[in-house]
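Some notes on the structure that comes next.
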Amino acid sequence: MTLKLRRAVAVTLAGAFAAVGLMTQPAMAGSNDNAGAWVTGGTVHNYCGVGDFCIYTGMLYSGRVFGLPNCTDYALHEWNGLGSYRNNQTPADYSIDAQFKDAAGNVIGYGWYQMEAEAAINFKPVYYVRPCG
């Protein structure tokens, strides 16, 4: 019974992310995904330091990394495909649940939990990332 419940929860979460376009099944990257990507809105590190919410231009934490240390909305520019993220924040860093937002600033997904990571996420519908929830 527990296995069925866990599977149902996993399917429900995957369906919720798929509904807003944050996750694709199966994940297949295009050759130019996020090739010209950049980020504005606050301090941006070119490494994934302790306390940063980090987004990567490639799947599996590859490509260029943008470490986002501040509790502010960061604007994503030319993020047009699959990438990945790692939540390297600590409990002392604000709230550790990051928010993914659409062009209107509406929350369309979350990067839950300290040290959580997602190896493949579709950044196309994401216009803003706020490291703190």
Side-chain angles (χ1 to χ4, degrees):
M1 193 66 153
T2 303
L3 180 59
K4 287 182 182 179
L5 181 59
R6 285 183 185 167
R7 183 174 290 167
V9 169
V11 169
T12 302
L13 289 175
F17 277 125
V20 295
L22 287 178
M23 192 166 95
T24 58
Q25 296 285 338
M28 295 185 301
S31 60
N32 292 318
D33 283 1
N34 307 322
W38 50 292
V39 177
T40 59
T43 303
V44 179
H45 298 152
N46 62 354
Y47 57 89
C48 190
V50 173
D52 289 355
F53 183 81
C54 306
I55 56 177
Y56 298 80
T57 58
M59 293 187 305
L60 299 171
Y61 326 108
S62 64
R64 287 178 293 133
V65 61
F66 297 86
L68 312 178
N70 302 118
C71 184
T72 188
D73 283 351
Y74 287 89
L76 276 56
H77 307 276
E78 298 184 38
W79 288 76
N80 58 0
L82 295 176
S84 50
Y85 74 81
R86 183 179 313 274
N87 190 345
N88 206 22
Q89 298 180 93
T90 64
D93 300 317
Y94 315 108
S95 165
I96 57 175
D97 298 334
Q99 299 174 338
F100 298 103
K101 299 180 178 184
D102 65 13
N106 299 309
V107 176
I108 57 172
Y110 292 91
W112 301 106
Y113 311 117
Q114 174 190 6
M115 301 308 291
E116 185 209 29
E118 183 64 52
I121 178 174
N122 182 5
F123 279 105
K124 190 168 185 150
V126 180
Y127 284 75
Y128 303 95
V129 173
R130 185 176 186 85
C132 54

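Residue numbers run from 1 in the order of the sequence given. Atom set for the values below is all heavy atoms of this structure, side chains included, hydrogens, waters and symmetry mates excluded.
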Quick check: is Phe66 connected to Val129 through a chain of hydrophobic side chains (ILVMFWY, heavy atoms under 4.5 Å apart)?
yes
Answer whether the closest heavy-atom distance between the side chains of Leu82 and Asn122 falls below 4.5 Å.
yes
Nearest 0.5 angstrom please: Arg64 CZ to Asn34 CG, how far?
8.5 Å
Can you hop from Tyr128 to Val44 via hydrophobic side chains spaced under 4.5 Å?
no
Between Ala119 and Ser84 the two heavy atoms that sit nearest each other are O-CB, 3.4 Å
Is it the case that one hydrophobic cluster holds both Val39 and Ile108, taking links as side-chain heavy atoms less than 4.5 Å apart, direct or via other members?
yes
Going by the angle between their ring planes, with limits at 30° and 60°, are His77 and Trp38 parallel, tilted or perpendicular?
parallel
Validation row: Tyr74, Arg130 side chains within 4.5 angstrom (heavy atoms):
no
Among Asp102, Leu76, Ile55, which residue meets the side chain to side chain contact (heavy atoms under 4.5 Å, CB included) test with Val126?
Leu76
Roughly how far, to the nearest 0.5 Å, is CG of Leu68 from CZ of Phe53?
7.5 Å
Can you name the closest pair of heavy atoms from Pro131 and Thr72 and give their distance?
CD-O, 3.3 Å
With heavy-atom distances below 4.5 Å as the criterion, would you say the side chains of Tyr61 and Cys54 are in contact?
no
Look up atom OH in Tyr47 and atom CG in Asn88, then write down how far apart they are to the nearest 0.5 Å.
11.0 Å
Asp33 CG to Glu78 CD distance, which is reported to the nearest 0.5 Å
13.0 Å
Heavy-atom check, side chain of Thr57 versus side chain of Phe123, under 4.5 Å:
no
